[in-house]
Amino acid sequence: MSDVTDVVNPATEQVIALIPINGVEATDEAVARAHAAGPAWRAVAPADRARLMRRFAATVEDHHEELAQLETANVGKPIGESRDEVAMVAEVLYFYAGAVDKHRGATVPVAGGVDMTFHEPLGVVGAIIPWNFPVAITSWKVGPALATGNTIVVKPAEITPLTAVRLAELGLEAGLPEGVLQVVTGKGSVVGTRLAEHPDVAKIAFTGSTEVGRDVMSRASGTIKRVTLELGGKSASVVFADADLKRAAASAPGGMFANAGQDCCARSRILVQRGAMDEFLDLLADAVRSWTVGDPTDPDIKMGPMVTAAHRGVVAGFMDEGMGAPGGPVASHTAGAVPDGPGYWFPPTVVAPADPGWRMAREEIFGPIVAVIPFDDEDEAVRLANDTPYGLSGSIWTRDGARSLRMARAVQAGNLSVNSNSSVRVQTSFGGMKQSGFGRELGLEALASYTEVKNVFVATDD
Ligand code: NAD
């Protein structure tokens, strides 16, 4: 029997479930089941595998509200965001169901025969999931893994396992064979490390912090596992004076405070061209005041609590240290009061002007604090945007089309948007540069990292 741990609702501090803390033995058993299920899953005819995945997607749609409520109760995110994320899960499964028979090999012109390539499945995939988008990020790995004929063992974050567990149940209900999709709850230091080291796990698809990603990569090296890493970020939104400032300011809270800033793509730095700073800050203050904080089950609420009390403490620490540093006047706008009573609340906070050397301007905060930093010209904007070991996301706000393209090429990040803060779409690739990781999820690009290219040459000469 495994031990159990409490799962807590961060908005109420109530225990909402007990979940097993599995150990190495249970992890090995799941990997063995996944390994055994592989050959039959791989042999399912493409049209049938696609049909099963579409049935899985439809089953998720049938349980849309249940999954959304569960995600909100476990993570504290506003119910509207949870509904969108669960809808995305179904869309991901439909998208990759459609890709099952479209990830084709090639025939290659060569001398002396016929040469062809096959995209072979890897085998058992270990998926390690963070707590901020539990069900959505699980689907980003499950969709391409299953479509390409792999089986998968998912390890959700200790504190937010509920929707992943439910998703695997729904997969079985939809007709996925036993062992094809499993979830093993437990600690990263036990279940996660075992998956990273297990000789029968062919690939680790990891999303989480850069620090843990580094550890996963080094453990995976023992068996030369394939690894994809989706890690942290310190993304910048760059606002030029010629931009539509109203639009940039109105959209800014969504770019930095969605999911209470607990978002790898959060634009936790806004770089503003000096001449536009005062007007932009006035507009931003209005936008931030309308970003309401409270009960995440209320559809009108924009922001819920931090995921745990400990994490709230980490986020609050950025204010102490950042504000204490030298660097000129600091204005902090908040969106007003956060609720009294239980819940791990922290207000949306804008710090302006912030010094690029402050910790809040350099490290991933993973909470609702944004550092607004002035710049003079395009060169300085590029230098500041790239002055980070991360390279995940970012935005460029300008009415000058040529400049938007120059900036988009110069900023070192895997996902950029122009006059928008949107980072993630099912159809387009998502992933980081530099220490934000490597490999791409979503889009057709994800299929490559769940398959191995095999080349076969057939001699035809007599
Ligand atoms: P985390 O790195 O602490 O944990 C992520 C997962 O790894 C959890 O399931 C955890 O249990 C597991 N884990 C912990 N130690 C492990 C180990 N030694 N070996 C194997 N697994 C281990 O991250 P978190 O706090 O859950 O999530 C926040 C981080 O995730 C942030 O840095 C954020 O930027 C990042 N993130 C990145 C993306 C992206 O797509 N780039 C998306 C979401 C979150």
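One-based numbering, in listed order, for ligands and for the atoms of each.
Summary of contacts: the protein heavy atom closest to atom 28 (C) of ligand 1 is Phe366 CE2, 3.5 Å. Remark: minimum distance from atom 15 (N) of ligand 1 to any protein heavy atom is reached at Val212 CG1, 3.5 Å. In terms of protein heavy-atom proximity, atom 32 (O) of ligand 1 is nearest to Glu364 OE1, 2.7 Å. Atom 35 (C) of ligand 1 has its closest protein heavy atom at Gly208 O, 3.1 Å. Looking only at heavy atoms of the protein, atom 37 (C) of ligand 1 is closest to Leu231 O, 3.0 Å. Protein heavy atom at the shortest distance from atom 44 (C) of ligand 1 is Asn132 ND2, 3.3 Å.
The distance from atom CD1 of Ile137 to atom CE of Met88, rounded to the nearest 0.5 Å, is 9.5 Å. To the nearest 0.5 Å, atoms CD (Glu29) and CD (Gln182) are separated by 10.0 Å. Interatomic distance, OG1 of Thr451 versus CD of Glu120, reported as 9.0 Å (0.5 Å rounding). Rounded to the nearest 0.5 angstrom, Ser404 OG and Phe240 CZ are separated by 9.5 Å.
On a distance-only criterion, Ile129 and ligand 1 share at least one N/O pair closer than 3.5 Å. Note: an N/O pair closer than 3.5 Å links Asp215 and ligand 1 by distance alone. The shortest N or O to N or O distance between Pro130 and ligand 1 is not under 3.5 Å. Some N or O of Lys155 is nearer than 3.5 Å to an N or O of ligand 1, by distance alone. The shortest N or O to N or O distance between Ser209 and ligand 1 is under 3.5 Å. Considering backbone and side-chain atoms together, Phe206 places no N or O closer than 3.5 Å to any N or O of ligand 1. The shortest N or O to N or O distance between Glu441 and ligand 1 is not under 3.5 Å.
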Pair Lys187, Thr193 - check side-chain hydrogen bond (donor to acceptor under 3.5 Å, both in side chains), show working.
CA-CA 9 Å; Lys187 292 191 170 141; Thr193 53; over 6 Å; no
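Under a 3.5 Å cut-off, the side chain of His311 and the backbone N or O of Tyr344 do not form any donor-acceptor pair. At distances below 3.5 Å, not a single donor-acceptor pair connects side-chain atoms of Glu364 with backbone N or O atoms of Gly232. Side-chain atoms of Lys155 never come within 3.5 Å of backbone atoms of Ile128 as a donor-acceptor pair (strictly under, hydrogens ignored). Lys225 places no side-chain N or O within 3.5 Å of a backbone atom of Ile204 that could act as its donor or acceptor partner. One N or O on the side chain of Gln262 and one on the backbone of Val307 form a donor-acceptor pair closer than 3.5 Å. A donor-acceptor pair under 3.5 Å is formed between the side chain of Arg267 and the backbone N or O of Gly394. A donor-acceptor pair under 3.5 Å is formed between the side chain of Arg49 and the backbone N or O of Ala147.
For the pair Lys302 and Phe257, the NZ or CZ position fails the cation-pi test of under 6.0 Å to the six-membered ring centre and within 45 degrees of the ring normal.
Residue His35 places its NE2 atom among 12 or fewer non-hydrogen atoms of other residues, nucleotides or ligands, all under 6.0 Å distant. By the 6.0 Å contact criterion, CD on Glu25 is open, its count of non-hydrogen atoms from other residues, nucleotides or ligands being 12 or less.
Atom 38 (C) of ligand 1 has its nearest heavy-atom neighbour, among Cys264, Ala196, Gly188, Gly213, in Cys264.
Within the listing of ligand 1, atoms 5 (C), 36 (N), 37 (C), 38 (C), 39 (C), 40 (O), 42 (C), 43 (C), 44 (C) sit less than 4.0 angstrom from a heavy atom of Thr207. For ligand 1, the atoms closer than 4.0 angstrom to any heavy atom of Val216 are 19 (N), 20 (C). When each atom of ligand 1 is checked for a heavy atom of Glu158 under 4.0 Å away, the hits are 10 (C), 11 (O). The contact set between ligand 1 and Glu230, taken as ligand atoms under 4.0 Å from a residue heavy atom, comprises 37 (C), 38 (C), 39 (C), 40 (O), 41 (N). The distance from ligand 1 to the heavy atoms of Ile128 drops below 4.0 Å at these ligand atoms: 6 (C), 7 (O), 9 (O), 12 (C), 20 (C), 21 (N). Close approach of ligand 1 to Ile137 is summarised as follows: ligand atoms under 4.0 Å from at least one heavy atom of the residue are 42 (C), 43 (C). Residue-ligand proximity, Thr193 to ligand 1, at heavy-atom distances under 4.0 Å covers atoms 17 (C), 18 (N), 19 (N), 20 (C). Applying the 4.0 Å criterion to heavy atoms of Trp131 picks out, from ligand 1, the atoms 24 (P), 25 (O), 26 (O), 27 (O).
Residue Gln262 does not touch ligand 1, judged by heavy-atom distances below 4.0 Å.
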Run the side-chain donor-acceptor check on residues 159-166: report pairs under 3.5 Å with partners two or more places apart or on a different chain.
from	atom 1	to	atom 2	distance (Å)
Thr163	OG1	Glu71	OE1	2.6
Arg166	NE	Glu66	OE2	2.5
Arg166	NH1	Glu169	OE1	2.7

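When distances from atom 4 (O) of ligand 1 to the protein are checked, no heavy atom turns up under 4.0 Å.
Not close to ligand 1: Gly432, with no non-hydrogen atom less than 4.0 angstrom away. Heavy atoms of Phe133 come nearer than 4.0 angstrom to ligand 1 in no pair at all. In this structure, Leu195 does not count as a contact residue of ligand 1, since none of its heavy atoms falls inside 4.0 Å of the ligand. Residue Pro156 places a heavy atom under 4.0 Å from ligand 1.
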